[in-house]
**Student:** 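Structure in structure tokens, see below.
In what follows, chains carry the letters A, B, and so on, assigned in the order in which the sequence lines appear, proteins first and then strands, with residues in each chain numbered from 1.
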Amino acid sequence: MAARWALGAGAAWARGLLSWARPERWLASGSLFPLSCIHTSTSLQKIGKWEKKNRIVYPPQLPGEPRRPAEIYHCRREIKYSKDKMWYLAKLIKGMSIDQALAQLEFSDKKGAKVIKEVLLEAQEMAVRKHNVEFKSNLHIAESQTGRGRYVKRLRCHGKGMFGMMRISRCHYFVKLVEGPPPPPEPPKTGFDQAKEYVQQLRNRTLVHTL
Amino acid sequence: MAAAMAARLCLKGAESLLRPRALPGVVVPVRGRRKWPRVPEWARELSAEEKEWRLRSAAPIFPDERMERTFFLACTAEIMDPYVPPEGDARLTSLSKDGVKQQMQKLRQTAASQLALRKIKDHDPDFSTKTFPEKAQEIFIEAHNSLANFNKQKLHSLVTERCYPDMVRGNRYKTIRWRFVESLEPPRVVHVRCEGLLNRGNLYGQVTVRMHSRQILAIYDRFGRLMYGGEEIPKDVLEYVVFERYLVNPYGTWRMHGKIIPEWAPPKDPIIKTVMIPGPAPDPS
């Protein structure tokens, strides 16, 4: 009798253990669930800081203030490219207007150029639709940065049974578009300017803690 | 020999120990990989009922949880039998063919409205077409104020689930300033309907209230720039607002359900920025 009970209980316990592992409970959509307390949306994944910058809301401007230019932040994560190689393209387009940047990237031979171009087009679309930007060409690139993505170590087989560990590198790309024409480039510093600065430093010298 | 005999006897004895003859009706635990349901030889000829009883007692199978979710329809999905506002309302009336047709419709609507009104009064004896419009206007003003302040809880209690997304869509990163200046004409009830969903007894009452008022609306985008309207520009607005209540629910309240926009309504002001609508691609030929 005890043995029979143990057998029954054991089977029930095993069934109870595995009952949570039914595949139909792992559906991604939340609307098919009978239990509404299960959290199935993507908000458990971490939202990056750059994406959150699009959420700040400024208070309404008074009529006398100059018009605040719109800022749009966009990024793409885990691009299969090296961050150092991507940096060259990011530095190329920093400070350009968006049309010029798109033109330069279209005719660049690098792999990352295609990705950055897609990102810029997406950002432009977002700006016009969601962030109340009037003219899509009236944007310039204020910041463009690359970041390190998740690296993965893999085996690279050489001859004679030798192997090495290689890194598969990924990168992130961040861009900030600002409404308005691009700022004029800074004039290069001439010798005359440097001399003026030096003289000014000499003139700024003073005696402290004296009468 | 003797040892062999003794061993065989011992073996037999061991066998009987290892495999004891079980009494009928008792499941005997056997060593080795368990493959159930185990049906011993003497139990194979039993009737179906006894077999089921044995199976059930051996391994009780719990039925799967029914995937059920109770839902509660707190509001209808649309405005039932929408009110057709007469052409030229709040303007000089024009005696035209359309006007006469609409007057005919108006008579029909009044009869149905009286029926519905009676049904509503059965469920809610305090309802009256004289006092309701002021309450309705208060609900309207409160709802718009909580929309401007983004007070979602209060908005849910003042506005039905069908109306809520229409009001709130696209407002997430914007600042809305709304003010009710004054009411130009006293609001009045124009249209009453009462119908049931799914069941005949499951009644929802819908009342249309005509409001002519002056309001100020200004929408600012994410960066504080004016997108629509203006803070100092009051606008005269003629609206037909539908309020709904779930009559059978004793805790139901009158909530804003939607608006009826007549076809002859003047077009809305355009937004301040210019929008490009992409046309068809030009043909090289």
**Student:** A quick test of your reading: do over 12 heavy atoms of other residues, nucleotides or ligands sit less than 6.0 Å from OH of A/Tyr88?
**Tutor:** no
**Student:** Does any heavy atom of chain B fall under 4.5 Å from the side chain of A/Ile56, the backbone, both, or neither of them?
**Tutor:** both
**Student:** Can you tell me if CZ on B/Phe72 sees more than 12 non-hydrogen neighbours from other groups inside 6.0 Å?
**Tutor:** yes
**Student:** In this structure, are over 12 heavy atoms from other groups packed under 6.0 Å from B/Gln153 atom CD?
**Tutor:** no
**Student:** Other residues, nucleotides and ligands only: do more than 12 of their heavy atoms fall within 6.0 Å of OH on A/Tyr198?
**Tutor:** no
**Student:** Contact part of B/Thr175 toward chain A, heavy-atom cut-off under 4.5 Å: side chain, backbone, both or neither?
**Tutor:** side chain
**Student:** May I ask you to list the residues in residues 218-235 of chain B that approach chain A closer than 4.5 angstrom, counting heavy atoms only, ordered by number?
**Tutor:** B/Tyr220, B/Asp221, B/Arg222, B/Phe223, B/Gly224, B/Arg225, B/Met227
**Student:** When only pairs under 4.5 Å are counted, which of A/Leu62, A/Asn54, A/Val133 shares the most heavy-atom pairs with chain B?
**Tutor:** A/Asn54
**Student:** Closest heavy-atom contact between B/Ile272 and A/Glu134?
**Tutor:** O-OE2, 4.5 Å
**Student:** Nearest 0.5 Å, what's the OH-NE2 distance between B/Tyr173 and A/His131?
**Tutor:** 8.0 Å
**Student:** Heavy-atom distances under 4.5 Å only: say whether A/Arg67 touches chain B with side chain, backbone, both or neither.
**Tutor:** side chain
**Student:** Select one option (side chain, backbone, both, neither) describing which atoms of A/Pro63 are under 4.5 Å from chain B's heavy atoms.
**Tutor:** neither
